[in-house]
Structures are given as C-alpha cells and as structure tokens.
Amino acid sequence: GAIAVGGPGAVFWMWLIAFFGMMTNYSENVLGILYRRKNSKGEWAGGAMYYLRDGLGSKKGCKTLGAALAVLFSCFCLLASFGIGNMSQVNSMVSNVYTAFGIPKLATGIFLFAAVALVVLGGLKRIAAITEKIVPFMVVLYLLGTLVIIGMNIATIPAVLVSIFKGAFAMKSVGGGIVGSGIALAMKMGMKRGVFSNEAGLGSSVMVHSSSNVKEPVRQGMWGIFEVFADTIIVCTLTALTILSSGAVDLTTGQLTGEAAAIESSSLVSYAFGNHFGFLGAAFVAVAILLFAYSTVLGWSHYGATACEYLFGTGATKIYRMVFAVIVLAGSVMKAQLAWDISDTFNGLMMLPNLIGVVTLSPIVMRCTKNYVARNLHGKEIEPMLSMFPDIQKVQEEALREELREEALYTMDTDKNIVNE
C-alpha cells in the first residue's frame, strides 16, 4: 500500500517510524503493566485508558483531564477496531482471493462474516485455536518465499536500495509534480503504513501485553521493541524488497508497471509471487493473507470489546460483537481506499490521547527502567518497581521472589548434574 501510493521512498519512512516506534511501544507496555488492575474475573485488565485515568489523572489538577482522555481513547479505539481491525483487513483478504482464484468479493465476505461471527459471537474458540497454530507455519513459508524471490533477483537489489533512498529524499514527485511533494507523499504513506503494521503509538497492543502474567514491566516493554522490529524492519522490508525486485515497480520512476498498475495495492505481493512461482505462488499469498488478516480481525475484536467494556460495561460487549461481525460484510464490498482512509483517521485519533499519556508519564518509564537495570545488570539490592498500586506491588513482589527462588534452585540442580556427569 505504501509503495503503490508513495513510491519506493515510502519504505525508508516506514523504517524511520519503526525506529521511533520501538521506543513508543516499549513505554506503552511498561506503563500498561505498571497501571493494570485485576477485573471481576480475576484477570489482568490494562491498556492506555488505565494509565491515562490512573497515571495522568493522579497528577495535580489532571484528574478530570486523565479521565476524559481515557474515555476519548476508548471511544477512538472502539471506532478504530472497525477500520484497522476489520474493514481494511477484510478488504485485503477479499482482494487477494479475487486476484488469485476469481472468487467474487461478496462471496468471500459472506464466508468471512460467518467465520468471524462464529468466534466473536458464538465463542467457537476452535477456529481461533486452529488459526493460531497455522499462522506461524504460514509466516515461515511466507518469509522463505520472499527470500527465494529476493535471491532470484539479487542483481536488482542495489538498484532497489538506491530507489528507496532516492525516492525518500527526491526533490521532485514521482509524477513530476511540485518540488518536495514526492518527499511529502513518500513520508506520509511510509509513516501511515508503518504505524498500521506495528501499531506503535496507538496504545492498542498494550491491552494484550497487559494480560500477560509477567512480573517485570521492563521485560514486557522489551517484547514491545521486538514486536515493532519484527513487524516493520523484518517482515515489511522483505515484502518491500520482494515487490520492488519483482518488476512490479519501475525503479527509475517509482510507478507501478504493466499488470501491476491494474490491480489493487493489497494484491501486489500476490502479483510478485505469481510472477515467480506461477498460480501456486499467488494462491499461497491469498491463503496466507486470509489467515494473517483473519487472526488480526479476531485480535482487534478483543481490543474493541475491551474499550466497549470500559465505556459501557460488560453487557454492552455483546452488541459491539454483533456490529463488528456485520462490519465484516461492509469491508468486503467497499472500495479499498475508503477502508484505508477510515483506518488512518481513527488510528490518528487513537494516537492523540495515548501519546499525551506516554509523554507525560515518561519519567515513570525512565524510573522503572533504571530500577530494572540497577537490580538485574548491576546486582543492587533494591525494591523492585512492579506496580504503581501498593496492594498489587506487594503481591507481585512476593511472586517475583518465588520466581527467582525457583530459578536459583533450578540453576543449582543443573550445575550439580553437570558436576556429577
């Protein structure tokens, strides 16, 4: 999507937004763990709405502001779940299936509507469990496929890299427009699609990270860094090199060529795989994206339901899930650009309250990080910083001690076995 609209230069700006996104995602996850609470079911509940309300809201004169931003974030998250987490994903799925198999988009949309509804409404977790098992396997196959295509076109890679950097800083747009417009377009598309790929700054993935049983906020924060690196620096870069080296883009002008110009941007990878592996390549990408996007839709239904629960209570989530399933049908028949525009709009709205909270609470992130480094790297005997709430801090501290005790016993046993052997 970024390459189709912003040219090869958009890839550079995706890298840049990912670099800063690693820091943002780290901070979000640390705050998510520090400010999470246990819900009525005894499960961890956390997210941007919690550190906005309890973190920003605890500062002098900011109680109302924190509560208001938490509500705003929840509203935008709920709406964003229909865009980034539903319509744009479904649109990509139906487009790729249509390109590969010629199946009408509405037919695929009806199938997806049923598949999503069975899980989010019927609680049929078996489908989700199967997807969970298949997706990692498909990811490995997908990455191997991109590496093979890049290897087959290795001679073009220097030209591809030149086109990325020239496109990022060109003083004239791809189509010969006004000075600087090419940079602006590449920057805008690279940053928008970079955020779309890794969600850094949105505050969305924090809801899942906060549900983990990890004791150390910093450890979960570091998973956030890895998440962004894997999403954008690894997967998106391999995807970009695959598209740019496959002949789908004229590297001198940055414009789509031949058949590639006639298909939707979400089908470019399918086109690249089809060029190198024939029908089976295009079919594989269609099935892979179907699974990737389907798992994303299920994940975002959880984000939206969490925001809905925060705003209206547990009972309202049933209505939300019904609406969410119906939106799947809408996403299958709407124009791709409209689906992307809706996603970009609500992503930006979500970011505003979240980043206000992250920036304001950054001293707490720094304090927590220094605490972790002092204990784990410098061996200082100081109280760990695990939660901002005394009752949770006490419980987590005891759990951490038990965890460390078990680790020490395991290490001693292992060392004893090695000596005996």
Side-chain angles (χ1 to χ4, degrees), residues 18 20-39 41-56 70 73-74 76-78 80-81 84-85 128 132 135-136 195-235 295-310 347 350-351 353-355 357-359 361-362 364-369 371-372 384-389 392-393 395-396 399-400 403:
F20 290 107
M22 289 184 214
M23 306 174 203
T24 312
N25 220 28
Y26 170 80
S27 300
E28 290 173 336
N29 287 343
V30 169
L31 291 170
I33 301 295
L34 285 173
Y35 286 99
R36 66 183 178 176
R37 293 275 200 178
K38 285 280 180 83
N39 62 18
K41 298 175 185 175
E43 301 166 336
W44 287 116
M49 59 281 274
Y50 291 93
Y51 57 72
L52 283 167
R53 184 191 67 190
D54 300 325
L56 178 61
F73 172 83
S74 299
F76 296 148
C77 177
L78 195 149
S81 70
I84 181 176
E132 190 179 60
V135 164
V195 167
F196 186 95
S197 76
N198 57 52
E199 298 179 25
L202 298 189
S204 52
S205 62
V206 187
M207 287 177 246
V208 173
H209 283 282
S210 299
S211 300
S212 67
N213 285 320
V214 72
K215 313 294 184 302
E216 295 275 11
V218 169
R219 188 173 293 179
Q220 200 63 23
M222 288 190 283
W223 276 114
I225 294 173
F226 172 76
E227 180 182 18
V228 175
F229 179 82
D231 277 348
T232 308
I233 302 296
I234 295 178
V235 178
S295 61
T296 302
V297 169
L298 295 183
W300 267 92
S301 72
H302 170 70
Y303 297 164
T306 303
C308 183
E309 184 178 355
Y310 182 86
N347 287 358
M350 260 182 91
M351 270 187 158
N354 179 54
L355 290 180
V358 170
V359 171
L361 299 171
S362 59
I364 291 172
V365 176
M366 191 181 293
R367 183 151 54 93
C368 186
T369 307
N371 177 280
Y372 181 87
M385 188 173 173
L386 308 175
S387 174
M388 298 305 291
F389 306 111
I392 295 176
Q393 167 72 23
V395 172
Q396 290 292 84
L400 181 63
E403 194 177 274

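Model, not experiment: these values are computed from the prediction.
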Nearest 0.5 Å please: distance from the [atom1] atom of [X] over to the [atom2] atom of [Y].
| X | Y | atom1 | atom2 | value |
| --- | --- | --- | --- | --- |
| Asn213 | Glu403 | CG | CD | 10.0 Å |
| Met388 | Leu31 | CE | CG | 9.0 Å |
| Asn29 | Ser205 | CG | OG | 5.5 Å |

Side chains of [X] and [Y] in contact at under 4.5 Å (non-hydrogen atoms):
| X | Y | result |
| --- | --- | --- |
| Tyr26 | Val228 | no |
| Met207 | Cys77 | yes |
| Pro217 | Tyr372 | no |
| Leu202 | Asn354 | no |
| Trp223 | Val214 | no |
| Met350 | Tyr303 | no |
| Arg36 | Ser212 | yes |
| Glu227 | Asn25 | yes |

Provide the closest heavy-atom pair for [X] versus [Y] in the form atom of the first, atom of the second, distance.
| X | Y | value |
| --- | --- | --- |
| Ser387 | Gln393 | N-OE1, 3.0 Å |
| Thr369 | Val365 | OG1-O, 2.7 Å |
| His302 | Val208 | CD2-CG2, 4.1 Å |
| Val206 | Gly32 | CG1-CA, 3.6 Å |
| Gly203 | Glu28 | N-OE2, 3.2 Å |
| Phe73 | Met49 | CD2-N, 3.9 Å |

(message) If you count heavy atoms of other groups shown closer than 6.0 angstrom to CH2 of Trp44, is the number above 12?
(response) yes

(message) Cation-pi check for Phe389 against Arg37: NZ or CZ below 6.0 Å from the six-membered ring centre and within 45 degrees of the axis, yes or no?
(response) yes

(message) Before you tell me yes or no, could you show the steps for Asn371 and Val218 under side-chain contact (heavy atoms from CB on, under 4.5 Å), namely the whole-Å CA-CA distance, both residues' side-chain angles and the distance that decides it to 0.1 Å?
(response) CA-CA 9 Å; Asn371 177 280; Val218 169; over 6 Å; no

(message) Under 3.5 Å, is there a donor on one side chain and an acceptor on the other for Tyr50 and Ser210?
(response) no

(request) Please name the residue in the list Ile364, Ile33, Val358 that meets the side chain to side chain contact (heavy atoms under 4.5 Å, CB included) test with Tyr51. (result)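 Between Tyr51 and the candidates, side chain to side chain contact (heavy atoms under 4.5 Å, CB included) is satisfied uniquely by Val358.
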
(request) Please determine which of Leu361, Val30, Leu52, Ile392 meets the side chain to side chain contact (heavy atoms under 4.5 Å, CB included) test together with Tyr35. (result) Leu361

